[in-house]
Amino acid sequence: MYLFKQKDELRHYLNTAKQQGATIGFVPTMGALHEGHLSLIRTAKAQTSLTVCSIFVNPTQFNDPADFEKYPITIEKDIQMLIAAGTDVLFLPAVAEMYPEGLSAPAPHYDFGALETVLEGAHRPGHFQGVGRIVHKLLDIVQPHKLFMGQKDLQQCLVVTRLLPLIDSPAEMVICPTLREPDGLAMSSRNMRLGPDERKNAVALYQALSYIKTGLAKGGSLPDILAAARLQLQSSKFEMDYLDVIAVKDDGIILSPEQAVTDLPMYAVVAARMKGSPVRLIDNMQM
Ligand code: AMP
């Protein structure tokens, strides 16, 4: 695996590879890697000839400074995992390499429409603008044929899908399934910050999503199912930012849709933290 820290050197290497016929698959991450990230690498390897992973904890997408400071960093282990998975290139830039203009310089504004004002957008102001800013910069450098992202961050996938035409990127978006721990908890770098009891309790998120899926499949009423699932989570000591069902359409999201619109893909989505815990967890499940 080649490791680049300078964007110009990476650009030069990838240009040469492309001239020789390589197709580039790109997996952007913030490190603290787990099997979920590696599943993206494996999918990229299966679909393209040269897999680039980036590790960059992007300061501009953290609305909560404490979350940024506490974000886990396990770079030596990450490198070993990427090598074992057969990654071709790791891009590991410093903050100044990605933001030579400085973090407080005026930033571009991306029009993500109503996608940015609901769910994660409503609870993490500025988050998706920060995601747009870093993905734009990374895509300018890597110019991949395909971009691999996880359904775990569903709204991020929708935002980036919308970003691609805004920045004239020809990259094809590939959304990969969520990998879960044996008990059902979605793998996440933030799980490392849970204490042993919190980790056991965290499965309640998956159980709430599964409960909604089963209830809807049986033809239950969405408001009743949601109310019961919210109670379930509260009794498992969770405080929710949201627990809802959404329908996804080309230009946005419908919250708590009437069951009449089930021709659109529907997902149960949740963001919550356990009482007293600073760790905010998100998950979703297709209905
Ligand atoms: P992150 O490092 O958390 O920014 O995630 C990097 C990429 O990995 C994003 O596209 C995530 O959606 C994806 N990802 C995170 N967790 C999982 C998971 N459990 N399964 C599949 N993909 C994931």
Side-chain angles (χ1 to χ4, degrees), residues 25-48 51-64 67-68 70-75 77-79 81-82 85 87 90-93 95 98 119-120 124 127-128 130-139 142 144 146-164 169 171-194 199 202-203 205-206 209-210 248 267 269-271 279-286:
F26 181 38
V27 180
T29 81
M30 298 204 298
L33 300 183
H34 49 67
E35 272 301 314
H37 295 112
L38 296 186
S39 74
L40 268 54
I41 298 281
R42 292 191 188 104
T43 307
K45 278 180 69 69
Q47 295 191 20
T48 55
T51 298
V52 180
C53 175
S54 64
I55 295 182
F56 181 66
V57 185
N58 173 36
T60 67
Q61 74 185 66
F62 283 84
N63 52 309
D64 172 4
D67 189 29
F68 176 61
K70 295 265 168 63
Y71 201 84
I73 294 180
T74 58
I75 192 64
K77 183 168 165 242
D78 292 352
I79 290 174
M81 287 168 80
L82 289 173
T87 313
L90 169 60
F91 182 43
L92 187 63
V95 172
M98 293 312 292
L119 306 173
E120 291 301 283
R124 301 186 66 188
H127 169 64
F128 286 128
V131 168
R133 201 168 160 196
I134 194 62
V135 173
H136 187 177
K137 283 171 182 277
L138 289 168
L139 288 177
V142 177
K146 293 190 178 192
L147 173 62
F148 297 86
M149 299 188 88
Q151 186 202 310
K152 160 79 171 38
D153 299 283
L154 174 66
Q155 202 176 355
Q156 172 169 274
C157 289
L158 302 176
V159 162
V160 172
T161 301
R162 191 170 164 126
L163 176 73
L164 297 178
S169 168
E172 180 192 332
M173 177 75 165
V174 181
I175 300 177
C176 305
T178 302
L179 256 72
R180 297 180 178 280
E181 301 290 352
D183 66 354
L185 176 68
M187 291 182 181
S188 165
S189 307
R190 288 187 174 87
N191 294 350
M192 291 178 197
R193 296 182 55 203
L194 300 172
R199 167 61 193 85
V203 70
L205 289 177
Y206 173 71
L209 299 176
S210 306
V248 173
Y267 299 85
V269 291
V270 65
V279 185
R280 183 175 180 275
L281 299 172
I282 64 170
D283 197 359
N284 69 83
M285 187 181 286
Q286 186 159 10

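Just follow the structure's listing: the first ligand is 1, and inside any ligand the first atom is 1. Everything numeric in this text was worked out from a predicted model, so none of it was measured.
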Q: Please report the shortest heavy-atom distance between L185 and Y206, naming the atom on each side.
A: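 Closest approach of L185 to Y206: N-CB, 4.3 Å.
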
Q: Out of curiosity, is H34 lining ligand 1, as in a heavy atom under 4.0 Å away?
A: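 Yes.
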
Q: Considering non-hydrogen atoms of the protein only, which is the closest contact for atom 8 (O) of ligand 1, and what is the distance?
A: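 Looking at atom 8 (O) of ligand 1, the protein heavy atom closest to it is H37 CD2, 3.4 Å.
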
Q: Any atoms of ligand 1 less than 4.0 Å from a non-hydrogen atom of M187? List them with their elements.
A: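 So the answer, numbered in order with elements, is 16 (N), 17 (C), 18 (C), 19 (N).
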
Q: List ligand 1 atoms under 4.0 Å from T29, heavy atoms only on the residue side.
A: 2 (O), 6 (C)

Q: Identify the heavy atoms of G150 and I175 that sit nearest to each other, and give their distance.
A: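 Distance-wise, the nearest heavy atoms are C-CG2, 4.5 Å.
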
Q: Taking all heavy atoms of M149 and all of C157, pick out the closest pair and write down the distance.
A: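 In terms of heavy atoms, the two residues are closest at CB-SG, 4.1 Å.
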
Q: If every non-hydrogen atom of Q61 is compared with every non-hydrogen atom of R124, which pair is closest and at what distance?
A: O-NH2, 3.5 Å

Q: Atoms of ligand 1 less than 4.0 Å from M149 heavy atoms?
A: 10 (O)

Q: So which protein heavy atom does atom 20 (N) of ligand 1 come closest to, and at what separation?
A: L179 N, 2.8 Å

Q: Closest non-hydrogen protein atom to atom 22 (N) of ligand 1, residue and atom name please, with distance?
A: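 Among all protein heavy atoms, the one nearest atom 22 (N) of ligand 1 is L40 CD1, 3.5 Å.
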
Q: Output the list of atoms in ligand 1 that are nearer than 4.0 Å to some heavy atom of P28, sorted by atom number.
A: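 With P28 as reference, the close atoms of ligand 1 come out as 6 (C), 7 (C).
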
Q: Taking 4.0 angstrom as the limit, do D64 and K70 come out as a salt bridge?
A: no

Q: Distance to 0.1 Å, residue and atom name: give those for the protein heavy atom nearest to atom 4 (O) of ligand 1.
A: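 Nearest neighbour among protein heavy atoms for atom 4 (O) of ligand 1, to 0.1 Å: M30 CG, 3.7 Å.
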
Q: Would you name the heavy atoms of P72 and A32 that are closest together and state the gap between them?
A: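 Taking every non-hydrogen atom into account, O-CB, 3.6 Å.
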
Q: Using a 3.5 Å distance criterion without hydrogens, assess whether the side chain of N191 forms a donor-acceptor pair with backbone atoms of A186.
A: yes

Q: Please identify which atoms of ligand 1 are closer than 4.0 Å to at least one heavy atom of P177.
A: 20 (N), 21 (C)

Q: Any idea which heavy atoms bring K152 and T178 closest together, and the distance?
A: N-OG1, 3.1 Å

Q: Which atoms from ligand 1 have a heavy atom of D153 less than 4.0 Å away?
A: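 So the answer, numbered in order with elements, is 11 (C), 12 (O).
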
Q: Which ligand 1 atoms does T178 reach within 4.0 Å, using its non-hydrogen atoms?
A: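 With T178 as reference, the close atoms of ligand 1 come out as 19 (N), 20 (N), 21 (C).
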
Q: List ligand 1 atoms under 4.0 Å from Y71, heavy atoms only on the residue side.
A: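 Selected atoms, number and element: 3 (O).
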
Q: Provide, to 0.1 Å, the distance between atom 10 (O) of ligand 1 and the closest protein heavy atom, together with that atom's residue and name.
A: G150 N, 2.9 Å

Q: Among V174, L163, V160, which one satisfies side-chain contact (heavy atoms from CB on, under 4.5 Å) with L147?
A: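 Filter result, single survivor: V160.
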
